[in-house]
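In each ligand, atom 1 is the first atom listed, and ligand 1 is the first ligand listed. Numbering starts at 1 and runs along the sequence shown. Everything numeric in this text was worked out from a predicted model, so none of it was measured.
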Amino acid sequence: MSEEVEWWEYEDAGEMAAAVAGDIAFVIESAIDARGTAVIALAGGRTPIPIYAKLASTKLDWKRVTIIPGDERIVPLGDPLSNVTALAKNFLPKGARVVPIVPTAIADYKAAGRSADALMQDLHWPLDLCLLGVGADGHAASIFPGPDFDEAINGPKERRALGVMPDPMPLDAPVPRVSLSLAAITAARALLIAIRGNEKRSVMEKAIRQGTSSPYPIGRALAGTELPVDIHWAP
Ligand code: 6PG
């Protein structure tokens with residue numbers, strides 16, 4: 001169980017973007033100093049977009065940075081729904097290594113998950129940082145209720161990624177997914193959450209109260225990590 005969850009509140013999304021980008025940059029620099037490389041997983045969705053723009057403008061040794069999406073929709077590369085698109089747009093021009101975890105949109109979502117897991121087995125591990133967004137339903141990464149929920153939460157510790165068929169399908173991206181496993185998320189050296197709005201704030205507060213019995217994936221992530229977790233919130 002995370003011993004401490006620290007809330008960081010901001011006046012607006014711009015202030016949060018500057019602060020979270022600064023925190024991520026610090027983790028990247030520390031990882032490069034310590035191990036010569038940084039491997040980070042960044043969230044999909046809309047909330048982190050200003051964070052990535054701010055982070056991309058930061059002077060870092062980007063050629064030593066590997067970035068993966070913490071989860072991905074199983075769609076062709078370049079599809080507007082693909083999470084890696086925003087990461088490639090912001091960080092490839094800086095010289096970072098942006099690794100798509102779903103290089104081809106295959107029909108068999110479990111096979112896509114196994115392929116992403118195999119790809120991640122070649123990365124420096126554990127992750128130096130995992131930035132998570134949270135859905136209004138309490139999902140994090142692409143750990144959603146459905147037939148793969150238990151495997152995502154309680155699967156083998158060495159499993160880094162898996163295929164997920166959300167049920168019910170999320171309205172804004174009704175496609176199968178590949179997600180970091182909970183084990184991969186909670187093993188990260190730094191875990192940051194960035195959310196906006198009161199609805200998600202109350203989901204987070206409830207998830208923290210519920211702990212290990214939380215029905216929310218984000219609640220299980222918080223309960224599963226020994227790390228202090230920073231929750232960044234803006235209206
Ligand atoms: C996804 C995202 C997901 C996201 C939340 C919040 O693929 O759907 O990675 O986990 O972080 O859904 O999304 P917003 O920031 O757009 O609300």
Are L77 and L87 in one and the same hydrophobic cluster, where Ile, Leu, Val, Met, Phe, Trp and Tyr link if side-chain heavy atoms are under 4.5 Å apart?
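Yes, L77 and L87 fall within the same hydrophobic cluster.
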Same cluster or not: L180 versus L129, using hydrophobic residues (I, L, V, M, F, W, Y) connected whenever any side-chain heavy atoms lie under 4.5 Å apart?
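No, because L180 and L129 fall into different hydrophobic clusters, even though each may have its own neighbours under 4.5 Å.
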Do S181 side-chain atoms and R159 backbone N/O form a donor-acceptor pair below 3.5 Å?
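Between the backbone of R159 and the side chain of S181 there is a qualifying donor-acceptor contact (under 3.5 Å).
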Could you check whether any side-chain N or O of D230 sits under 3.5 Å from a backbone N or O of L192, counting only pairs where one atom can act as donor and the other as acceptor?
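Answer holds: no.
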Determine whether more than 12 heavy atoms belonging to other residues, nucleotides or ligands lie under 6.0 Å from atom [atom1] of [X].
X: K200; atom1: NZ; value: yes
X: R97; atom1: CZ; value: no
X: E11; atom1: CD; value: no

Quick one: look up the protein heavy atom nearest [atom] and list residue, atom name and how far away it is.
atom: atom 11 (O) of ligand 1; answer: G133 CA, 3.4 Å
atom: atom 6 (C) of ligand 1; answer: V134 O, 3.5 Å
atom: atom 15 (O) of ligand 1; answer: T47 OG1, 2.7 Å
atom: atom 4 (C) of ligand 1; answer: G44 O, 4.0 Å
atom: atom 16 (O) of ligand 1; answer: R46 N, 2.7 Å

Show the atoms of ligand 1 that are less than 4.0 angstrom away from any heavy atom in [X].
X: R73; answer: 1 (C), 7 (O), 8 (O)
X: G45; answer: 2 (C), 13 (O), 16 (O)
X: K200; answer: 6 (C), 14 (P), 15 (O), 17 (O)
X: N83; answer: 1 (C), 7 (O), 9 (O)

Could you label the plane-to-plane angle of the H232 and W8 rings as parallel, tilted or perpendicular, counting under 30° as parallel and over 60° as perpendicular?
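Rings of H232 and W8: parallel, under 30°.
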Heavy atom to atom 1 (C) of ligand 1, shortest distance: which of L42, L180, D71, I143 holds it?
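Answer by nearest heavy atom: D71.
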For atom 12 (O) of ligand 1, tell me which residue out of H139, R177, E199, E72 has the closest non-hydrogen atom.
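The residue whose heavy atom sits nearest atom 12 (O) of ligand 1 is H139.
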Taking non-hydrogen atoms only, is A141 closer than 4.0 angstrom to ligand 1 via side chain, backbone, both or neither?
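Answer for A141: backbone.
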